Amino acid sequence: MAMSGFEGYEKRLELHFFGDDPAMLDNNLGLRLLDFESLEQVLNAVQCTVVSAVANQYFDAYVLSESSLFVYPTKIIIKTCGTTQLLKSIRPLIHYACNLGLSLCSCRYTRGTFIFPKAQPSPHTSFKEEVICLEDALPNNLCYRKASVMPSKTTTNSWHVFTASDESHIIPNDHDMYTVEVCMTDLDRVLARKFFLPPGGGNKSGDIAGKEMTKITGIGDINPRAMICDFAFDPCGYSMNGIHNDRYSTIHVTPEDGFSYASFECVGSIFDDDDIEHLVGTLRKAVQVFRPATLSVSTTCASHEVWPRVTHALEPLGLKCRSCAADEFPAAGSIVFQTFTARRK
């Protein structure tokens, strides 16, 4: 394994806000009214930039130099890889939201186990340090808090979770929503090579090269209904956000040998038969783009109808479920963390 390489594993932060001023929410823009300069200030603190963006009537989706940002009227999701300092976004976001008449009511921070933990800057040198930073940055009204490291059968991979909530959002307003976060390592080498720019092809823009990668890798077929915003990095690496109605999906790829990594994340509603129906096929298609030797899936949902489908989706691909851990969290509901390995190992 390389001594150090690019850290594929993302840190993910989800913040929910509420407003007392109905006029603010009448036009239903809320946090989407944040001007681009303010967002740039936040991303500057995290140490990344916007490379591409797309929006619809429900939300704004940004591809970042390190992963993704989604801005809804009352929630923000930021996911960043590499050596970004994601938790430094919390204070400025609370501040800008406050200027819009919005207050923070819940927070969820999740990440896997870094491939290169020693390369991480403060406050990401350990989960303990991250929790201290979170506790410190969050307002006192978020009084229900829980931090946990969810284990797997392999010591190398665990899922780190911190959630916090105020009195009225312990059970989330959008309790029908689920989030599925897939982390894949040791990607099939032939498939991973498709995420390198062709030699001499470096004069193409990241947008044009991204479109080509989306097409040739089959990523465009994962959810044909989604509008895709994609970007290819030089010399290698790829990111995409897919948006369809108020749902997003996102993929990030670090294809280098020795520390190859890809992530796939999507959201849906348990009340939407369409979502549940498509979930198995979507997961299968996403995983087959990379054929990883190992992967983990974290499913966040207030109820238990989603996570059993994950096993159902992956076992036919020759992936065996090696471990499963579950826990309950304020404002998040239940989080189920499953790990899989390819039988070919």
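Bear in mind the structure is a predicted one, so any value in this text is a computation, not a measurement. FYI, the numbering just counts along the sequence from 1.
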Inset, instruction - Scan side-chain atoms only and decide if His252 and Ser263 contain a donor-acceptor pair under the 3.5 Å cut-off. - result: no
Legend entry - Test item: side-chain donor near acceptor, Glu130 and His160, under 3.5 Å: no
Legend entry - Minimum-distance pair of heavy atoms, taken over all atoms of Val71 and Arg32: O-CG, 3.8 Å
Inset, instruction - Please list, chain by chain and in numerical order, all residues satisfying side-chain contact (heavy atoms from CB on, under 4.5 Å) with Pro139, sequence neighbours excluded. - result: Ile94, Leu104, Asn141, Leu142
Legend entry - Contacts of Ser103 that satisfy side-chain contact (heavy atoms from CB on, under 4.5 Å) - sequence neighbours left out: Phe18
Inset, instruction - For the residue pair Glu265 and Tyr248, confirm or rule out a side-chain donor-acceptor distance under 3.5 Å. - result: yes
Inset, instruction - State plainly whether one hydrophobic cluster holds both Phe264 and Leu319, where clusters connect Ile, Leu, Val, Met, Phe, Trp and Tyr through side-chain heavy atoms under 4.5 angstrom apart. - result: yes
Inset, instruction - Sorted by first residue and then second, give each ring-ring contact (aromatic ring centres under 6.0 Å, His included) pair with at least one member in residues 31-64; sequence neighbours left out. - result: Phe59-Tyr72
Inset, instruction - Tell me yes or no: between the side chains of Thr294 and Asp186, is some donor less than 3.5 Å from an acceptor? - result: no
Inset, instruction - Evaluate the side chain to side chain donor-acceptor pair (under 3.5 Å) criterion for residues Glu181 and Thr110: first the C-alpha distance (whole Å), next the side-chain angles of each, then the deciding distance (0.1 Å), finally the verdict. - result: CA-CA 10 Å; Glu181 296 169 70; Thr110 51; 3.3 Å; yes
Legend entry - side chain to side chain contact (heavy atoms under 4.5 Å, CB included) between Val306 and Val180, intermediate numbers included: CA-CA 9 Å; Val306 183; Val180 176; 4.2 Å; yes
May I have the list of side-chain donor-acceptor pairs in residues 208-225 shorter than 3.5 Å, sequence neighbours left out?
from   : atom 1 : to     : atom 2 : distance (Å)
Lys211 : NZ     : Asp230 : OD1    : 2.8
Glu212 : OE1    : Lys204 : NZ     : 3.0
Glu212 : OE2    : Lys204 : NZ     : 3.4
Thr214 : OG1    : Gly210 : O      : 3.0
Thr214 : OG1    : Asp230 : OD2    : 2.6
Thr214 : OG1    : Tyr238 : OH     : 2.6
Thr217 : OG1    : Met213 : O      : 2.6
Thr217 : OG1    : Ile219 : N      : 3.4
Asn223 : OD1    : Arg225 : N      : 3.1
Arg225 : NH1    : Asp274 : OD2    : 2.9

Legend entry - Donor on one side chain, acceptor on other, Glu129 and Thr125, under 3.5 Å: yes
Legend entry - N-O pairing of Glu328 and Lys146 below 4.0 Å: no
Legend entry - ILVMFWY cluster, Ile251 and Phe196 together (side-chain gap under 4.5 Å): no
Inset, instruction - Compute whether any side-chain donor of one residue and acceptor of the other, for Arg108 and Thr179, lie under 3.5 angstrom apart. - result: yes
Legend entry - Glu10 and Arg111 ion-paired at < 4.0 Å: no
Legend entry - Counterpart residues, ring-ring contact (aromatic ring centres under 6.0 Å, His included), relative to Tyr178 (two or more places apart): none
Legend entry - Candidate pair Phe17 and Cys105, rule side chain to side chain contact (heavy atoms under 4.5 Å, CB included), full reasoning: CA-CA 5 Å; Phe17 297 83; Cys105 57; 5.6 Å; no
Inset, instruction - Would you check if there is a donor-acceptor pair between the side chains of Asn241 and Ser68 at a distance under 3.5 Å? - result: yes
Legend entry - Residue Glu277 excluded, over 12 heavy atoms near CD under 6.0 Å: no
Inset, instruction - Mind running side chain to side chain contact (heavy atoms under 4.5 Å, CB included) on Lys11 and Lys79 for me, showing each step along the way? - result: CA-CA 6 Å; Lys11 314 159 180 102; Lys79 186 168 180 169; over 6 Å; no
Legend entry - Derivation of the ring-ring contact (aromatic ring centres under 6.0 Å, His included) call for Phe259 and Tyr261: CA-CA 6 Å; Phe259 49 94; Tyr261 172 88; over 10 Å; no
Inset, instruction - Return yes if a side-chain donor-acceptor contact under 3.5 Å exists between Asp176 and Ser269, otherwise no. - result: yes
Inset, instruction - Show the numbers, then the answer: is there a side chain to side chain contact (heavy atoms under 4.5 Å, CB included) between Thr311 and Phe340? - result: CA-CA 9 Å; Thr311 316; Phe340 295 82; 4.3 Å; yes
Inset, instruction - Return the minimal non-hydrogen interatomic distance between Asn56 and Asn245, and the atom names on each side. - result: ND2-O, 2.8 Å
Legend entry - Separation between CG of Leu43 and CG of Leu64, rounded to the nearest 0.5 Å: 5.5 Å
Legend entry - Atom of Gly268, atom of Arg247 and distance for their closest heavy-atom approach: CA-NE, 3.7 Å
Legend entry - For Glu66, side-chain hydrogen bond (donor to acceptor under 3.5 Å, both in side chains) partners two or more places apart: none
